[in-house]
Amino acid sequence: MPVVVDIETGGFNAATDALLEIAAVFVEFDEVRGWRPGDTVARHIEPFEGANIEPSALEFNKIDPYHPFRLAVSEEKALNQIFEETDKAVKRYRCTRAILVGHNPAFDLAFLKAAVARVGLKKMPFHSFSTFDTASLSGVVFGQTVLARAAQKAGIRWDAGQAHSAIYDAERTAELFCEIVNLWDKWASSSDSRSAR
């Protein structure tokens, strides 16, 4: 069950730096439209007690961690909400586990696992080490590894003003992932029909 995840943080160290936003997009499939982004679930997150927040990270992602209108929740509440929706999707599609899809997903998975350990959750619905990386897939298919460039090459509209929010990046990554998988499905189908002749 592919679930596209994007995380915005207060730095690069999953063990010490704040997890500030998380968004998950549930990918759907139907016979007519193929793979497509489904529902998005997202949460703004309060920095955990003692979290490091690098000013350069906030300059990049434009997040004010303490702004009252963020309506941020604790890491535990955010993870429970995201995981609950992920579990529902996994059951609906009769899978055993979700696989995290991301643009350089090792970063997102590391922060997710660190937060899970920090709050003491016993179970995570995502596979603990396997991921799908749209940066690598885009490099092969479109010759671009930067999310903005890969999305544009795939014909996906890109708004630099909205980039680097978890919701925006997750939704564009989901579109990119679906575009790549649909292209692969078309290629595989045409290849099968040629070999059957």
Side-chain angles (χ1 to χ4, degrees), residues 1-27 37-90 97-135 146-148 160-174 176-177:
M1 171 70 211
V3 180
V4 181
V5 173
D6 188 79
I7 287 173
E8 298 297 328
T9 69
F12 294 108
N13 187 327
T16 61
D17 297 345
L19 172 56
L20 300 174
E21 292 181 0
I22 184 169
V25 181
F26 300 100
V27 177
D39 293 335
T40 300
V41 178
R43 296 292 175 266
H44 295 285
I45 302 171
E46 300 165 349
F48 64 89
E49 189 175 342
N52 179 57
I53 301 175
E54 296 291 336
S56 59
L58 302 185
E59 190 177 320
F60 179 75
N61 59 31
K62 309 289 190 255
I63 296 171
D64 176 353
Y66 303 105
H67 196 288
F69 295 156
R70 287 182 75 226
L71 304 177
V73 298
S74 69
E75 281 186 331
E76 184 173 11
K77 186 168 187 179
L79 292 178
N80 278 324
Q81 290 171 336
I82 296 287
F83 289 179
E84 184 179 317
E85 293 303 317
T86 303
D87 281 334
K88 285 181 194 172
V90 166
R97 188 153 297 224
I99 188 161
L100 190 147
V101 178
H103 209 75
N104 300 309
F107 176 86
D108 303 285
L109 187 59
F111 269 87
L112 201 55
K113 288 166 80 172
V116 164
R118 215 169 15 250
V119 301
L121 293 179
K122 300 231 185 299
K123 187 179 169 212
M124 180 173 77
F126 294 97
H127 197 285
S128 61
F129 55 86
S130 293
T131 58
F132 287 137
D133 181 8
T134 54
V146 174
L147 180 57
Q162 293 188 64
H164 309 303
S165 81
I167 292 173
Y168 189 81
D169 288 2
E171 290 179 343
R172 297 301 77 74
T173 301
L176 182 61
F177 176 73

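For the numbers below, each heavy atom of this structure counts, side chains included, while hydrogens, waters and symmetry mates do not.
- With Leu79 as reference, Leu112 is the one residue of Leu112, Ile45, Val73 to meet the side-chain contact (heavy atoms from CB on, under 4.5 Å) rule.
- Between atom CZ of residue Arg43 and atom CD1 of residue Ile167 there is a gap of 9.0 Å, rounded to the nearest 0.5 Å.
- Across every non-hydrogen atom of Glu171 and Thr40, the tightest pair is OE2-OG1, 2.8 Å.
- Proximity of Asp6 to Tyr168: side-chain heavy atoms (C-beta onward) are nowhere separated by under 4.5 Å.
- The minimum heavy-atom distance linking Gly10 with Asp17 is given by the pair C-CB, 4.1 Å.
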Go through Met124 and Leu109 one step at a time and tell me if the side chain to side chain contact (heavy atoms under 4.5 Å, CB included) criterion holds.
CA-CA 11 Å; Met124 180 173 77; Leu109 187 59; 4.1 Å; yes
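- Atom CD1 in Ile22 sits 11.0 Å away from atom CD in Gln81 (nearest 0.5 Å).
- Residues passing the ring-ring contact (aromatic ring centres under 6.0 Å, His included) test with Phe26: none are found, sequence neighbours excluded.
- Annotation: cation-pi geometry satisfied between Arg118 and Phe48 (NZ/CZ under 6.0 angstrom from ring centroid, within 45° of ring axis).
- In this structure, Asp39 places its CG atom where only 12 or fewer heavy-atom neighbours from other residues, nucleotides or ligands lie under 6.0 Å away.
- Considering CD of Glu59 and CG of Asn61, their distance stands at 10.0 Å, rounded to 0.5 Å.
- Asp108 places a side-chain N or O within 3.5 Å of a backbone atom of Ile7 that can act as its donor or acceptor partner.
- The two residues Pro125 and Arg97 come nearest to each other via the heavy atoms O-CG, 3.0 Å.
- Checking Glu21 against Ser165 by side-chain atom types alone, no donor-acceptor pair falls below 3.5 Å.
- Between Ala18 and Phe111 the shortest heavy-atom distance is O-CE2, 4.2 Å.
- With sequence neighbours excluded, no residue forms a ring-ring contact (aromatic ring centres under 6.0 Å, His included) with Tyr66.
- Asp133 pairs in a side-chain contact (heavy atoms from CB on, under 4.5 Å) with only one of the listed residues (Asn104, Leu100, Val101), which is Asn104.
- For the pair Arg70 (side chain) and Pro65 (backbone), a donor-acceptor distance under 3.5 Å is present.
- Distance check, rounded to the nearest 0.5 Å: CG of Asn52 to CD of Glu54 gives 4.5 Å.
- For the residue pair Pro47 and Ala51, the shortest heavy atom distance occurs at CB-CB, 4.2 Å.
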Step-by-step side chain to side chain contact (heavy atoms under 4.5 Å, CB included) determination, Val5 to Thr173:
CA-CA 8 Å; Val5 173; Thr173 301; over 6 Å; no
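- Between His44 atom NE2 and Leu20 atom CG the span is 10.5 Å, to the nearest 0.5 Å.
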Steps toward side chain to side chain contact (heavy atoms under 4.5 Å, CB included) verdict (Asp169, Glu8):
CA-CA 10 Å; Asp169 288 2; Glu8 298 297 328; 3.6 Å; yes
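- Ring geometry, Phe177 versus Phe132: the interplanar angle falls under 30°, so the pair is classed parallel (tilted spans 30 to 60°).
- Contact detail for Ala174 and Val25: the closest heavy-atom pair is CB-CG1, 3.7 Å.
- Side-chain polar atoms of Thr134 and His103 form a donor-acceptor pair below 3.5 angstrom.
- One distance of note links OG1 of Thr86 with CE of Met1; it measures 8.0 Å at 0.5 Å rounding.
- Ring planes of His127 and Phe129: perpendicular class, angle over 60° (limits at 30 and 60°).
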Ile99 vs Phe126, test: side chain to side chain contact (heavy atoms under 4.5 Å, CB included). Steps then yes/no.
CA-CA 5 Å; Ile99 188 161; Phe126 294 97; over 6 Å; no
